[in-house]
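Below is one structure, written out as structure tokens, with a few remarks after it.
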Amino acid sequence: MTPAQRQQLFERLAQANPHPTTELIWHTPFQLLLAVLLSAQSTDVGVNRVTAPLFPTLQTPQDLLTLGLATFEEAIRTLGLYRTKSRHAIEMAKILVDQHEGQVPETQVELEALPGVGRKTANVVLNTLYGHPTIAVDTHVFRVANRTGLARGTTPLAVEQALLRAVPAPFLQHAHHWLILQGRHICLARAPRCGICPIQDLCDTGKIHV
DNA sequence: ATCCCGAGGG
DNA sequence: CCCTCTGGAT
């Protein structure tokens with residue numbers, strides 16, 4: 001894909017979504033961190049479903065410690081991976097209270113040191129919470145980048161590095177969410193909706209068929 | 001049967 | 001590299 005085509009690709013995604021943001025519902029920094037941790041192998045709709053009744057009284061890491069492991073497990077049970085996620089969330093809250101004065105850290109290293117927080121989650125937090133020009137590569141971004149030919153790679157890290165080179169600078173800030181929304185609503189995993197895709201003519205796969 | 005804003009452990 | 005964690009949606 002040529003630089004001009006990449007520019008055009010993001011111009012169209014930007015036009016379709018002028019103010020892209022996460023579809024997770026949150027109000028405090030800790031809630032965003034917790035919601036992203038819960039989103040692993042789960043849909044945002046599912047995460048919002050379990051956090052809606054929880055978040056009014058769960059705003060800080062201390063609130064989660066007060067709630068306790070058993071109650072939290074029960075509250076997120078329908079998400080899947082609930083035991084691992086609950087354990088990580090509680091351990092994460094302890095570290096935030098003990099070592100970060102209850103605040104969400106702003107560096108990749110500090111974030112990835114938290115239980116349950118890997119590179120993808122750290123990138124989402126840095127971008128969404130602090131406005132860093134990071135690109136978190138999740139299942140959607142990975143699929144869209146490889147399918148379109150925007151940036152190819154066999155691992156999430158390789159795709160992330162390819163995207164950082166392929167995305168025109170003015171679009172870096174919101175590239176993550178534009179690609180996510182494209183993957184979630186248009187470039188679906190099983191049945192991509194090429195008929196309504198705004199970048200179909202720029203896409204390597206879209207030209208071929210589907 | 002496959003996928004969903006993955007991470008940690010072996 | 002592989003495996004496991006986990007339930008709901010399609």
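In what follows, chains are A, B, ... by sequence order, proteins preceding strands, each numbered from 1. We use all heavy atoms of the structure for the numbers below, so side chains are in, but hydrogens, waters and symmetry mates are not.
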Counterpart residues, side-chain contact (heavy atoms from CB on, under 4.5 Å), relative to [X] (two or more places apart):
X: A/H185; value: A/E23, A/L181
X: A/T71; value: A/L67
X: A/T2; value: A/A4, A/Q5
X: A/Q31; value: A/W26, A/H27, A/T28, A/F55, A/Q59

Checklist entry - Taking protein heavy atoms under 4.0 Å as touching, what does nucleotides 2-10 of chain C look like 5' to 3' if B marks base contact, S marks sugar-phosphate-only contact and - marks none? => result ---BBBSBB
Checklist entry - Looking only at side chains, do A/Q15 and A/E11 share a donor and an acceptor under 3.5 Å apart? => result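 No, no side-chain donor-acceptor contact under 3.5 Å.
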Checklist entry - Linking Ile, Leu, Val, Met, Phe, Trp and Tyr through side-chain heavy atoms less than 4.5 Å apart, which residues share a cluster with A/I135? => result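 Besides A/I135, the hydrophobic cluster comprises A/M1, A/L9, A/F10, A/L13, A/V137, A/V141, A/F142, A/V144, A/L150, A/V159, A/L163, A/L164, A/V167, A/F171, A/L172, A/W178, A/L179, A/I180, A/I199, A/L202, listed by chain and residue number.
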In whole angstrom, give me the gap between the [atom1] atoms of [N] and [M].
N: B/dG9; M: C/dT6; atom1: P; result: 14 Å
N: B/dT2; M: C/dC3; atom1: P; result: 15 Å
N: C/dT10; M: B/dC5; atom1: P; result: 12 Å
N: C/dC5; M: B/dC3; atom1: C1'; result: 16 Å

Item to check | Member of A/Q108, A/M92, A/H88 meeting the side chain to side chain contact (heavy atoms under 4.5 Å, CB included) criterion with A/V117 | outcome: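 Of all the options given, the one that passes is A/M92.
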Next on the checklist: Which residues pass the side chain to side chain donor-acceptor pair (under 3.5 Å) test with A/R12, not counting sequence neighbours?
Outcome noted: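 A/R12 satisfies side chain to side chain donor-acceptor pair (under 3.5 Å) with A/D201 only.
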Checklist entry - Shortest non-hydrogen contact from A/P168 to A/Q7? => result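 Where A/P168 meets A/Q7 most closely, the heavy atoms are CB-OE1, 3.6 Å.
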Checklist entry - Charged N to carboxylate O under 4.0 angstrom, A/R152 versus A/D204? => result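 Looking at A/R152 and A/D204, the cut-off is met.
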Checklist entry - Would A/E160 and A/R119 pass as an ion pair if we require N to O under 4.0 Å? => result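 Looking at A/R119 together with A/E160, the answer is yes, because their closest N to O distance falls below 4.0 Å.
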Inter-residue atom distance [X].[atom1] - [Y].[atom2], 0.5 Å rounding:
X: A/C187; Y: A/R193; atom1: SG; atom2: CZ; value: 11.5 Å
X: A/T134; Y: A/N127; atom1: OG1; atom2: CG; value: 4.5 Å
X: A/Q200; Y: A/I186; atom1: CD; atom2: CD1; value: 12.0 Å
X: A/H177; Y: A/H140; atom1: NE2; atom2: NE2; value: 11.5 Å
X: A/I95; Y: A/D98; atom1: CD1; atom2: CG; value: 8.0 Å

Next on the checklist: Does anything in residues 108-118 of chain A come within less than 4.0 Å of DNA chain C? Heavy atoms only, and list the residues if so.
Outcome noted: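 By residue number: none to list.
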Those residues of [range] lying under 4.0 Å from DNA chain B by at least one heavy atom:
range: residues 16-36 of chain A; value: A/T22, A/E23
range: residues 140-170 of chain A; value: A/H140, A/R143
range: residues 123-132 of chain A; value: A/V124

Item to check | side chain to side chain contact (heavy atoms under 4.5 Å, CB included) between A/L58 and A/F72, worked out | outcome: CA-CA 10 Å; A/L58 205 178; A/F72 189 69; 4.2 Å; yes
Next on the checklist: Under 4.0 Å, counting only non-hydrogen atoms across every strand here, what does A/A136 touch: a base, just sugar-phosphate, or nothing?
Outcome noted: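 It contacts nothing in the nucleic acid.
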Checklist entry - If you look at every strand shown and take non-hydrogen atoms under 4.0 Å, does A/H88 touch a base, only sugar-phosphate, or nothing? => result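 Touches sugar-phosphate only.
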Next on the checklist: Distance under 4.0 Å to a non-hydrogen atom of chain A counts as contact; along DNA chain B, which nucleotides mark the start and end?
Outcome noted: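 It runs B/dA1 to B/dG8.
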Checklist entry - Are more than 12 heavy atoms from other residues, nucleotides or ligands located less than 6.0 Å from atom CZ of A/R77? => result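 Enclosed.
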